[in-house]
S.K.: 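So that we are looking at the same thing, I have put the structure below in structure tokens.
Counting starts at 1 for both ligands and their atoms, following the listed order. What you see below is based on every heavy atom in this structure, not just the backbone, and it leaves out hydrogens, waters and symmetry mates. Sequence positions, counted from 1, serve as the residue numbers for this chain.
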Amino acid sequence: LKPLIIRSPETFREKQNIDARVRHRITAIDLKKQTVRDEDLETGKSFEEAFDLLLIATGASPVLPKIPGINAQGVYTLSTLQSGIAIRAAVDQKPPRRVVLVGGGYIGLEMAENFVYRGIQVTVIESASQVMNTIDADMAVLLADELRKNGVELFLDESLQGFDLQEEEVRAVVTDRRTLPADLVVMGLGVRPNTILAQEAGIPIGVTGGIKVNEKMQTEISGVWSAGNCTESFHLVSRRPVAFALGTIANKQGRIAGINMAGGSASFPGIVGTAMVKVFGLEVARTGLQEREARQAGISFAGSKIEARTRAGYYPGAGIIHVKILFEPKSRRLLGGQIVGREGSGKRIDVLATALHAGMTVEEMINLDLGYSPPFSPAWDPILIACRQAAGQV
Ligand SMILES: Cc1cc2nc3c(=O)[nH]c(=O)nc-3n(C[C@H](O)[C@H](O)[C@H](O)COP(=O)(O)OP(=O)(O)OC[C@H]3O[C@@H](n4cnc5c(N)ncnc54)[C@H](O)[C@@H]3O)c2cc1C
């Protein structure tokens, strides 16, 4: 476990002179008095702590339906290191024969892969008609095929209704179509910004449910800052606020807030919504707007989708890569991209993400000087082939 913990409270204390207190919960913020109420979870004692500046970084909480059995033994979420440890301990102690994963997002799919590797029969149920609703349906189909090929039972358009319990322990998952026997269930229905503390203190929340901040990561209350999954981001393509619960964004926001709170000056311009995941032998990545998001933002779009190879076709290990890009027909600007393919596919998304930050058109992208050598890429990188097709230059 140690390698998963990058910095311990002791390191914070000894190396950085930061009083990092674990097992302490803040139960209230008093903005007028500039104090927080700190509850020591070991002793049960609670006391007031004064502040000059305050950073709220309370993260996000898993979305859970209020249905009987949701707190039963054997029903888990995976949102913290502790919850991961609990699932692993349960699997080690009494290996389950059947696991049901509720939700086909990245948590559900990553869990599916790992349970299969442990020889456990896995079922995923998803209420939408596709897995990974952050990519378009035509790309998600490739992912569903990969799951099924690897023995995962996948039920789409099917929603959770409840659980069958035996002595408070889960025995089956009941959907609107069937009953699925289960020794262990993991709920992966997404997360929402954890803003209860901020809301109770009267710190303004944005339309996404995340804490509203400016480019400096400052809330609308003087002296109060916010960063990470509890905080809104500005989407540089849709020009709208979004709540994106990713570590890569949380890290950058935290850094900017820290610099500013310490008297420096830094800005966080916004995000383009880049995310990636590996599911069995497939790498899946997305950035910018998918079709649904473009529609919601009222931006007209056209698409270009290609299938190519990750390396020169004759080079050993060349695998299939699918690239889809969306662009605005009139301005020609890139709106977003999605990649599904074999090893060497996923990180290509960074080219598209960078192009989005730069506001490039698909025609401008065609001549990007990207690297080529047979072990890494065909002479025309798959991203560029997608851009050429978008520009009608194939
Ligand atoms: C299984 C899993 C895999 C992931 N994989 C990726 C990935 O591959 N790439 C990626 O970019 N992101 C990934 N993420 C997301 C990433 O972990 C989060 O986006 C990131 O941890 C958010 O950081 P944060 O500091 O905003 O919130 P958190 O890391 O959630 O930290 C918030 C902390 O605040 C504490 N807290 C909350 N309320 C209070 C209170 N009242 N008093 C005191 N403490 C409080 C919480 O206990 C928590 O420790 C993954 C997440 C999970 C669960």
S.K.: Any protein heavy-atom neighbour for atom 48 (C) of ligand 1 (distance below 4.0 angstrom)?
M.R.: no
S.K.: Answer yes or no: are there more than 12 heavy-atom neighbours, outside Asp92 itself, under 6.0 Å from its atom CG?
M.R.: yes
S.K.: So, for atom 32 (C) of ligand 1, does the protein have a heavy atom nearer than 4.0 Å?
M.R.: yes
S.K.: Can you find a protein heavy atom under 4.0 Å from atom 38 (N) of ligand 1?
M.R.: yes
S.K.: Using distance alone, decide if ligand 1 has a nitrogen or oxygen within less than 3.5 Å of any nitrogen or oxygen in Cys230.
M.R.: no
S.K.: In terms of residue, atom name and distance, what is the protein heavy atom nearest to atom 21 (O) of ligand 1?
M.R.: Asn229 OD1, 4.7 Å
S.K.: Looking only at protein heavy atoms, which one is nearest to atom 30 (O) of ligand 1, and what is the separation?
M.R.: Gly59 CA, 3.8 Å
S.K.: Hey, does Ile221 have a side-chain heavy atom less than 4.5 Å from the side chain of Pro204?
M.R.: yes
S.K.: Using the rule side chain to side chain contact (heavy atoms under 4.5 Å, CB included), only one of Arg240, His235, Arg239 pairs with Val237; which is it?
M.R.: His235
S.K.: Show which atoms of ligand 1 fall inside a sub-4.0 Å distance from at least one heavy-atom site of Gly228.
M.R.: 26 (O)
S.K.: Which is it for Ile366 and Trp380 under the side chain to side chain contact (heavy atoms under 4.5 Å, CB included) test, yes or no, and what are the steps along the way?
M.R.: CA-CA 10 Å; Ile366 291 173; Trp380 280 87; 4.1 Å; yes
S.K.: Out of Ile107, Thr80, Ile196, Val36, who is nearest to atom 52 (C) of ligand 1 when you count heavy atoms only?
M.R.: Ile107
S.K.: Taking both backbone and side-chain atoms of Ser79, is any N or O found less than 3.5 Å from an N or O belonging to ligand 1?
M.R.: no
S.K.: What's the shortest distance from atom 53 (C) of ligand 1 to any protein heavy atom, and which residue and atom give it?
M.R.: Leu78 O, 3.4 Å
S.K.: Under 4.0 Å from atom 19 (O) of ligand 1, do we find at least one protein heavy atom?
M.R.: yes
S.K.: With respect to Ile26, determine whether any N or O atom, backbone or side chain, lies less than 3.5 Å from an N or O atom of ligand 1.
M.R.: yes
S.K.: When you measure from atom 5 (N) of ligand 1 to every protein heavy atom, which one gives the shortest distance, and what is it?
M.R.: Tyr106 CE1, 3.8 Å
S.K.: Would you say the side chain of Gln16 lies within less than 4.5 Å of the side chain of Arg7, judging by non-hydrogen atoms?
M.R.: yes
S.K.: Can you tell me if Asp164 uses its side chain to pair, donor with acceptor, with the backbone of Arg171 under 3.5 Å?
M.R.: no
S.K.: Write out the residue and atom name of the closest protein heavy atom to atom 23 (O) of ligand 1, then the distance separating them to 0.1 Å.
M.R.: Ala250 CB, 3.5 Å
S.K.: Should you measure from each heavy atom of Leu197, which atoms of ligand 1 turn up under 4.0 Å away?
M.R.: 41 (N)
S.K.: Is it the case that the side chains of Thr35 and Asp30 hold a donor-acceptor pair, with the cut-off being a distance below 3.5 Å and no angle test?
M.R.: no
S.K.: In the protein, which heavy atom is nearest to atom 9 (N) of ligand 1, and how far is it?
M.R.: Leu246 CD2, 4.4 Å
S.K.: Kindly say whether Val224 contributes a backbone atom to a donor-acceptor pair with the side chain of Thr219 at under 3.5 angstrom?
M.R.: yes
S.K.: Is the shortest distance from atom 27 (O) of ligand 1 to a protein heavy atom below 4.0 Å?
M.R.: yes
S.K.: Find all atoms of ligand 1 within a distance of less than 4.0 Å from any non-hydrogen atom belonging to Thr248, and give their numbers and elements.
M.R.: 11 (O)
S.K.: For a 4.5 angstrom cut-off between non-hydrogen side-chain atoms, does Phe301 reach Arg295?
M.R.: yes
S.K.: Can you find a protein heavy atom closer to atom 11 (O) of ligand 1 than 4.0 Å?
M.R.: yes
S.K.: Considering only the protein, which heavy-atom contact is closest to atom 34 (O) of ligand 1, and what is its distance?
M.R.: Ala57 O, 3.6 Å
S.K.: Run down the list Ile249, Thr58, Thr195, Ile29 and name the one with the heavy atom closest to atom 45 (C) of ligand 1.
M.R.: Thr58
S.K.: At the 4.0 Å heavy-atom cut-off, does His24 count as touching ligand 1?
M.R.: yes
S.K.: Is the shortest heavy-atom distance from the side chain of Thr11 to the side chain of Glu14 under 4.5 Å?
M.R.: no
S.K.: Out of curiosity, Lys252 NZ to Leu246 CG, how far, rounded to the nearest 0.5 Å?
M.R.: 9.5 Å
S.K.: Side chain to side chain contact (heavy atoms under 4.5 Å, CB included) between Phe155 and Arg178: does it pass, once the steps are laid out?
M.R.: CA-CA 10 Å; Phe155 294 120; Arg178 71 198 91 221; 3.4 Å; yes
S.K.: Identify the closest protein heavy atom to atom 16 (C) of ligand 1: which residue and atom is it, and at what distance?
M.R.: Gly247 N, 3.5 Å
S.K.: Taking NZ, NE, NH1 and NH2 as the nitrogens, is one of them in Glu291 or Lys324 under 4.0 Å from a carboxylate oxygen of the other?
M.R.: yes
S.K.: Is the number of heavy atoms from other residues, nucleotides or ligands under 6.0 Å of Arg192 CZ greater than 12?
M.R.: no
